[in-house]
Every structure is written in C-alpha cells, then in structure tokens.
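Lettering of chains follows the sequences in order, A, B, ..., and the numbering in each one begins at 1.
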Protein chains: 2
Amino acid sequence: MTPKTDLRETITEVSCNLFMEQGYASTSIKQIADAAGCTTAALYYYYEDGKEAILHKVIEQCVPDMMGMLATLEGASSLYELVMRLGDAMRTEGPELLRRLRWLMIELPNMGEAERAMLHNRKLEFMDRLTDLIEPFVDGRQQAEMLAWVNFCALFGYGQTFISMDLRSYRDVPDTEFVEMLATMTATTYGK
Amino acid sequence: MTPKTDLRETITEVSCNLFMEQGYASTSIKQIADAAGCTTAALYYYYEDGKEAILHKVIEQCVPDMMGMLATLEGASSLYELVMRLGDAMRTEGPELLRRLRWLMIELPNMGEAERAMLHNRKLEFMDRLTDLIEPFVDGRQQAEMLAWVNFCALFGYGQTFISMDLRSYRDVPDTEFVEMLATMTATTYGK
DNA sequence: GTCTATACCCCGATAGAC
DNA sequence: GTCTATCGGGGTATAGAC
C-alpha cells in the first residue's frame, strides 16, 4: 500500500505542489524537506545544485502535453463540432492544464533562455497543429490561423479568469454555454 | 524640475514597480529603500507594519479603472463598432491595464479576504456594465452577458498570452486583425 | 523625518558522522 | 543514502542618535 516511491521522485512531486501553490520564491527548501519527510541535507544528495536544480526539474516535468489534447479533435465533421470538442478537451484536461500553464508563465523570469525557447516552441507547435485542424473547414490558412488564436485565447482567458480570480465561482458563467457560444460564433461566421 | 514628491509617495511608487517586475516575495525592503533613496529604517516611519503594509497600499493604488475604459464604448452605433471600440480601448490602455491585472492575479494568495472581495466586485461591476452596453444590440440580457464574457475573455487571453510568454512577439498575431475577427464573429452571429 | 547600528531569524548550503 | 551540526549571508525589523 505505502507508495514507497523513490525519495528523488517524492522531492520533485512535493516541490511541484509547493511551487504551484506558493510560487518558487516563497517556498523554502526546509518546507520541501519537511513535506518530503527528510532533511534539507538529503535534498542536496539528489540535487547537487540545490533549490534551483529542483525548479528546473519541476519545470521540465510540468510542461503539459497540449498536443495530446488536440488528438481528440481529429475527425470532427464540422467547424462547430471542432470548437465544441476543443472546449470539451479544455473542460476535461483544462483545470490541471491551465494551472500548469499559469504557473509556468509566472515563473518565466526564473527560467533560462533554453527553457523559455522550449516553451515558446511548444506554443507555436500547438497553434500550428490547431490551425491544421481548422483549415479544412475555412477559407485559407490565414483565416484558420486567426481562428485558432481567437478560440484559444477565449478559452485560455476564460480559464485564467476563473482559476485566478476565485475558483469558487468557476461556474458563475456556465462553461458549456460559453463554449457553445464560441462554437456558434465561429461556425456561423466562418464555416463553409 | 526635480519631482520633489513626498518620500511616502516615492516609496509606494518604486515598490509598485519592483513588485510588478519581480513579484512581492522576491523584492526585499533593502531594494525598495535603495530605489527610493533612503534607508530601510525610513520605510518603517511611513509604514509601521513594514513590507506587508507597503504591499497593501500598492494593491490599493494598483487596481485599474476598468470602468473608465468602458466609457469610450458609449454611443457605439452597432455591435460591430462596440466590439471594435472595446478592442481599441484594450490596445490603448491594455498593456498597462493587463500588466496590473496580471500582477494582482499573481499576488492574490498574499491578499486578505477584503481585498479579494473588492477585486471580485470590481470584476462583476465591469462585466455588468459591459453587458449593459451590449444588451441593446442583441436578443435579451442573458445573451448579452455571455457575449460580454466571450469577448472579454478573448481579449484578456490574448493580452495575457503575449504579455506573459514574450513581449517581443506581441505582434506575431496582429492585434487589429484579432479584434476585427472577434467583432465580425460577434456581430455576424448575434447582431440584430 | 531620517540615519547608524544592530538584533535576530531564517535561508540556502555543506562537512562529516553513521 | 540520510542525518546532525553548523556556517555565512541576507532578510525584516527596531532602538536610539541627530
């Protein structure tokens, strides 16, 4: 029963949680050690470079698989259905995914050039793929690209607003209605 | 010439800048004192409760006047024009406004219940007012409310994406085209 | 009002025992 | 591999001179 995981794994896991809750700067290695059930000295056995090394490991593991989310969009039969499926995916994987994106954005200043570039690439890949999926249903790639941005930004903005401002009112604006409206607007105006 | 402002004002001003750039947790009172041209002891003359007191003062002053932004929307003659004006307002006041909103969202965990409630109220007031402005052009208040959310979230998501991910590519997706598409979608589908 | 000087604590990090 | 013990440094905060 006891999840006798490696201490190394435990450290990254609890660090991930603490960093996301409090931010990197406000989390002390003492806190991490306590949460992991060891002393600070033990941390340095697994992460020679200390706190910062843990951060980079957490960042690496924290990057969400946004491509996987797009897989469910394949085979949509209309633009309306495509946007609805995107909304569904956001609702399903959204809370965790948006939490991660949000944290990564907050910690950007603590990242190195390489990490920033990696995230930037992931973003572009995601938008490219989403554009691919939209293109068959509209007039030209440029239109598809803009639609990808508008839809992504709307869903992203929706998620950030509620995740950030206060989780309790996540349902003030019903998510199904939000997505339906977005899908209707998109399909009515640009669907062919 | 020399802006011989009160030291008290200087302190809140430089604190605001430092907090927004580095975050509250990563800013030391020594940094604040240096930037304000005084010693840390002087800070405690104006803010007995130290760093945290400065934070609360900065939060208070930092809350953006979102209602003012909506004033420019009055008198719009169509739904399309209304959304375009909203986009214009976002582009004009947007960078500074989104920067503030973003910071406030990040520092939410450091706020008291009262501050959180105040921000929540401001948000609701803003959405209510935006709904008022949209209502004359659509079918019923419920539709207006949802449209307010979709449009706000899209513009907010757009701004957050570029402010956060990297400012340099703010123009990867041209902002005028983004707003035009949003306005077109909104007006075509729901304008009456 | 502002400074100097200082207290005290917690932080990140390491050496060396086990 | 993990702990105990400890160090140096920077952090917040304050007492008292001016």
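As a whole-Å value, the separation of A/K51 NZ from D/dG10 C1' is 13 Å. Here the C1' atom of nucleotide D/dC3 and the OH atom of A/Y46 are 13 Å apart, to the nearest Å. Distance B/D34 CG to D/dT12 P: 12 Å, rounded to the nearest Å. Here C/dG1 presents its C1' atom at 16 Å from CD of B/E9, a figure rounded to the nearest Å. Atom CD1 in B/I32 sits about 15 Å away from atom C1' in D/dG10, given to the nearest Å. Between A/I29 atom CD1 and D/dC3 atom C1' there is a gap of 14 Å when expressed in whole angstrom units. Computed from coordinates, the B/L7 CG to C/dC3 P distance equals 8 Å when rounded to whole Å. In this structure, B/Y47 places its OH atom 15 Å from C1' of C/dG1, rounding to the nearest Å.
A/E96 has a carboxylate O that lies under 4.0 Å from a charged side-chain N of A/R100, or vice versa, which qualifies the two as a salt bridge. Salt bridge present: A/R85 and A/E81 bring a charged side-chain N and a carboxylate O closer than 4.0 Å. The pair B/R129-B/E125 does not count as a salt bridge, with every side-chain nitrogen at least 4.0 angstrom from each carboxylate oxygen.
When heavy atoms are screened at a 4.0 angstrom cut-off, B/L43 is found touching no nucleic acid atom at all. Contacts of B/S26 with the nucleic acid, taken as non-hydrogen atoms under 4.0 Å apart, are absent. Across all strands shown, A/S28 has heavy atoms under 4.0 Å from sugar-phosphate atoms exclusively, and none from any base.
In terms of phosphate contacts, B/T39 brings a side-chain nitrogen or oxygen within less than 4.0 Å of OP1 or OP2 of C/dC3. In this model, the phosphate group of C/dG1 is approached by a side-chain N or O of B/Y45 to a distance below 4.0 Å at OP1 or OP2. Phosphate contact (OP1/OP2 of D/dG11, side-chain N/O of B/K30, threshold under 4.0 Å): absent. Residue B/Y44 places none of its side-chain N or O atoms closer than 4.0 Å to OP1 or OP2 of C/dT2.
Each of A/Q31 and A/E48 was assigned the nucleotide of DNA chain C with the nearest heavy atom; the assignment lying further toward the 5' end belongs to A/Q31.
Using cut-offs of 30° and 60° on the angle between ring planes, the pair B/F152 and B/F156 is parallel.
Heavy-atom contacts from other residues, nucleotides or ligands closer than 6.0 Å to CD of A/Q142 number 12 or fewer.
Of all heavy-atom pairs between A/C153 and B/T161, the closest is SG-OG1, 4.4 Å.
Nearest nucleotide to the side chain of A/A41, out of D/dC3, D/dA13, C/dC3: D/dC3.
By the 6.0 Å and 45° rule, A/K51 stacks over the aromatic ring of A/Y24.
With the end axes of the helix from C/dG1-D/dC18 to C/dC18-D/dG1 each set by five pairs, the angle from one to the other reads 0° at 10° resolution.
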